[in-house]
2 protein chains.
Amino acid sequence: MPVTLKDVAERAGVSRSAVSRTFTDGASVSAKMRRKVEKAASELGYSPNALASSLTTGRTKLIGLVSNNFHNPIFLEVFDLFTRGLQDRGLRPLLVNLTNETEPDNSVRMLRQYSVDGVVVASSTLPPAFARAFRDADIPVVHSFGRYSSSPQVHVVGIDNVECGRMAARELVKRGYSRIGFLGGPEQATSTQDRFAGFTEELAKHPELDVSHSYATAYSFEAGRAEMQRLLSEGKPIAEAFFCGDDVLSIGVLSAVQDAGLRVPDDVGLIGLNDMEMAAWENISLTTIRQPIRQIIRSSIELVEATLEEPDRYPEARLFPCSVVERKTLRPAP
Amino acid sequence: MPVTLKDVAERAGVSRSAVSRTFTDGASVSAKMRRKVEKAASELGYSPNALASSLTTGRTKLIGLVSNNFHNPIFLEVFDLFTRGLQDRGLRPLLVNLTNETEPDNSVRMLRQYSVDGVVVASSTLPPAFARAFRDADIPVVHSFGRYSSSPQVHVVGIDNVECGRMAARELVKRGYSRIGFLGGPEQATSTQDRFAGFTEELAKHPELDVSHSYATAYSFEAGRAEMQRLLSEGKPIAEAFFCGDDVLSIGVLSAVQDAGLRVPDDVGLIGLNDMEMAAWENISLTTIRQPIRQIIRSSIELVEATLEEPDRYPEARLFPCSVVERKTLRPAP
DNA sequence: TACCGATTTGCAACCGGTTGCAAAAATGAT
DNA sequence: ATCATTTTTGCAACCGGTTGCAAATCGGTA
């Protein structure tokens with residue numbers, strides 16, 4: 001039913017190769033030939049089959065976009081930026097939802113079956129081994145928001161989560177809090193682990209402080225809210241200020257705190273991470289650490305594209321600096 | 001480099017057809033043959049090339065997922081449900097981000113080039129003609145959240161937006177508001193138009209009421225906030241209660257109202273539409289009309305799958321009922 | 001053992017394109 | 001007009017699979 005190369009060739013009275021050449025740029029076709037073919041093609045409404053051509057060219061222009069975070073609103077922006085960015089370069093995002101799955105095997109097999117040119121793993125929770133599985137299958141891969149390592153085995157683009165942990169700690173210390181809490185995302189998430197590591201490392205310089213920590217089960221509003229409710233219900237006094245693993249957690253925490261009749265920042269201080277759109281809303285006004293999402297995604301796309309050209313490119317880590325955005329959920333420094 | 005059918009056939013000492021058959025279910029292969037082939041295949045790490053086979057079978061299992069709403073958090077859930085649902089059925093979502101584009105031509109061409117088996121248009125703003133362009137190109141299509149019509153030309157799954165408009169109007173009348181406002185999404189969006197139509201139709205029964213309307217430029221927090229700020233800055237008294245086109249708009253409106261020092265629901269009443277997760281947050285507690293997202297998406301997937309089997313299936317509209325969820329942004333009925 | 005029908009297997013053509021190579025046509029110089 | 005050179009074109013093989021058909025094998029029965 002659909003019109004093929006052969007149909008166009010017959011209509012134009014030329015060989016199939018001629019038609020193929022007019023649709024591949026850089027090929028040698030005379031102006032006259034091109035006109036003939038284009039006329040026939042447009043009369044028939046022909047457009048070349050990308051998958052058939054991928055068989056011989058070895059390029060599908062498909063990029064696997066693998067993520068496991070479909071509950072954090074920041075990821076809507078992540079998907080928006082990734083899909084737009086890829087489209088603008090003529091690449092097609094094949095979306096893989098990894099919810100409830102932590103082994104790479106299925107995704108690797110599936111994306112190999114579809115001959116994707118490359119893969120972007122967009123996740124701050126999956127371990128480096130996950131992205132490595134793609135490289136081991138000879139699929140170019142970039143891990144966005146992944147764990148930084150001084151000797152990365154795959155390309156990583158993101159932030160230095162350990163440094164962010166330190167940054168949050170310094171901010172809380174500066175403001176004179178003495179009972180300080182870490183309320184992280186899932187304990188298995190690499191970003192949680194790294195932020196916690198930096199946080200405690202920095203606070204170890206201040207042994208007089210009382211430091212506690214706990215974990216939410218996910219990077220989501222509900223999980224943050226539930227974890228704070230649990231802390232409050234234990235009856236023990238909670239920390240004066242918390243570094244929450246992520247803005248959406250912070251906002252959940254905020255709602256639990258307010259429900260309990262406590263005031264922010266007077267009774268409880270909060271600092272988040274991400275600077276999502278909502279953090280700036282008037283009735284939230286979350287003090288947070290800004291993660292430069294747009295730059296990370298742009299750079300990820302550039303890197304994956306470069307890796308398509310040069311598959312054996314030496315693994316690289318690209319880190320972008322974060323900074324504190326001061327709003328209204330931490331008390332001022334004394 | 002990657003291992004092909006031929007490699008496996010040679011290793012197992014059988015014909016290529018034999019290998020092909022062991023990997024297509026329903027084909028005639030003896031147990032002995034199957035064992036031989038599977039052994040060779042697993043030794044070589046073979047997995048069949050889905051795109052090559054699509055050439056002869058005519059099925060790619062790719063489904064185009066087309067959307068233009070990457071700013072409304074509800075769509076993160078929409079993408080989550082769609083991708084999971086499609087994956088569970090062995091279908092692969094090829095995501096198309098339509099931001100800033102309203103013509104279907106590019107998407108149709110691109111998705112035809114990739115031989116998608118079907119398309120889901122997930123958008124409450126695009127007109128029926130958009131989805132029709134896919135059907136005109138002989139691509140099975142389902143329009144999710146699209147405009148209902150008594151004689152649909154393509155499959156539509158969603159809600160009766162006109163009825164939702166009526167429902168909101170009845171709710172506001174019931175509570176005794178006399179100055180009533182409609183604050184919709186973009187004026188071109190079909191959902192905005194339909195909700196407004198139902199809303200005014202119902203209010204026409206109460207000529208004593210003072211009804212006004214205005215539009216935000218997008219279904220987003222910022223747009224809702226900006227539009228309410230504009231209304232407030234005009235100096236004229238604003239309505240006592242608003243039907244906002246969508247929850248995320250309502251929340252933007254809410255923040256502008258609170259910034260202005262007004263109290264909800266005492267000074268201003270709000271009713272939204274969607275019942276997104278955030279609407280239930282304690283510090284928002286939005287009274288809203290619940291749209292059954294999960295059912296709509298599940299049904300859309302079932303319908304698109306059915307249409308793959310039966311491309312000439314008669315166009316169908318599937319509508320799901322909505323209901324008011326009462327929280328704290330409307331005053332109680334007198 | 002010979003014969004019959006049912007299964008299983010391989011051959012070869014095909015899906016919709018691309019591309020190396022050699023033949024054909026066009027171009028330019030003399 | 002001739003010839004050398006460059007450009008354009010078609011042939012045919014190939015990409016990685018599938019499938020109709022006929023030949024080969026199998027199992028059972030007479």
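Because only heavy atoms are used, hydrogens play no part in the values below, and waters and symmetry mates are left out as well, while side chains stay in.
There is no side-chain donor-acceptor pair under 3.5 Å between B:N69 and B:S67.
Taking the six-membered ring where the residue is Trp, B:F145 and B:F75 present tilted rings, their angle falling between 30° and 60°.
Across all strands, B:T4 comes closer than 4.0 Å only to sugar-phosphate atoms, never to a base (heavy-atom distances). Residue contacts shown for B:S54 are absent, as no nucleic acid heavy atom lies under 4.0 Å away. At a threshold of 4.0 angstrom between heavy atoms, the contacts of A:S28 include nucleobase atoms, whether or not backbone atoms are also involved. Counting non-hydrogen atoms under 4.0 angstrom, A:V19 reaches nothing in the nucleic acid. Residue contacts for A:S20: at a heavy-atom cut-off of 4.0 Å it reaches a base atom on one of the strands shown.
Taking the six-membered ring for Trp and the full ring otherwise, A:F70 and A:F79 have centroids separated by under 6.0 Å.
Crowding of B:D25 atom CG: a count of heavy atoms from other residues, nucleotides or ligands under 6.0 Å not exceeding 12.
When the C1' atom of C:dT27 is taken as reference, atom NZ of A:K32 falls 14 Å away, rounded to whole Å. Atom CZ of B:R21 is separated from atom P of C:dT7 by 15 Å (rounded to the nearest Å). Look at CG on B:D7: it is 9 Å from P on D:dG17, rounded to the nearest Å. Rounding to whole angstrom units, CD of residue A:Q113 and C1' of D:dG16 are separated by 13 Å. A:F23 places its CZ atom 13 Å from the C1' atom of C:dG16, with the value rounded to the nearest Å. Whole-Å rounding puts the A:R59 CZ to C:dG16 C1' distance at 20 Å. When the C1' atom of C:dT7 is taken as reference, atom CZ of B:R34 falls 14 Å away, rounded to whole Å. Put simply, CG on A:L5 is 19 Å from P on D:dC14, counting in whole angstrom units.
Here A:Y114 does not reach the OP1 or OP2 of D:dG16: none of its side-chain N or O atoms lies under 4.0 Å away. At D:dT7, none of the side-chain N or O atoms of A:S30 fall inside 4.0 Å of OP1 or OP2 (strictly under the cut-off). An OP1 or OP2 oxygen of C:dG10 is reached within less than 4.0 angstrom by a side-chain nitrogen or oxygen of B:S15.
Comparing D:dG16, C:dA12, C:dG17 by their closest approach to the side chain of B:N49 singles out D:dG16. Side chain of A:A18, nearest nucleotide from C:dG10, D:dC15, D:dG10: D:dG10. Closest approach to the B:M33 side chain among C:dT9, C:dG17, C:dT19 is made by C:dT9 (side chain taken as heavy atoms from C-beta onward). Here D:dC15 is the nucleotide among C:dG17, D:dC15, C:dG10 with the atom lying nearest to any side-chain atom of A:L55.
Under the 4.0 Å criterion applied to side-chain N and carboxylate O atoms, B:D136 and B:R132 are not assigned as salt-bridge partners. A salt bridge is defined here as a Lys NZ or Arg NE, NH1 or NH2 lying under 4.0 Å from an Asp or Glu carboxylate O, and B:R109 with B:D105 fails to meet this definition.
Taking only distance into account, the side chain of A:S53 never meets the base of D:dC15 through a donor-acceptor pair shorter than 3.5 Å. A donor-acceptor contact under 3.5 angstrom links the side-chain atoms of B:R16 to the base of D:dG17.
Comparing B:A31 and A:P48 against DNA chain C, the residue whose closest nucleotide sits nearer the 5' end is B:A31.
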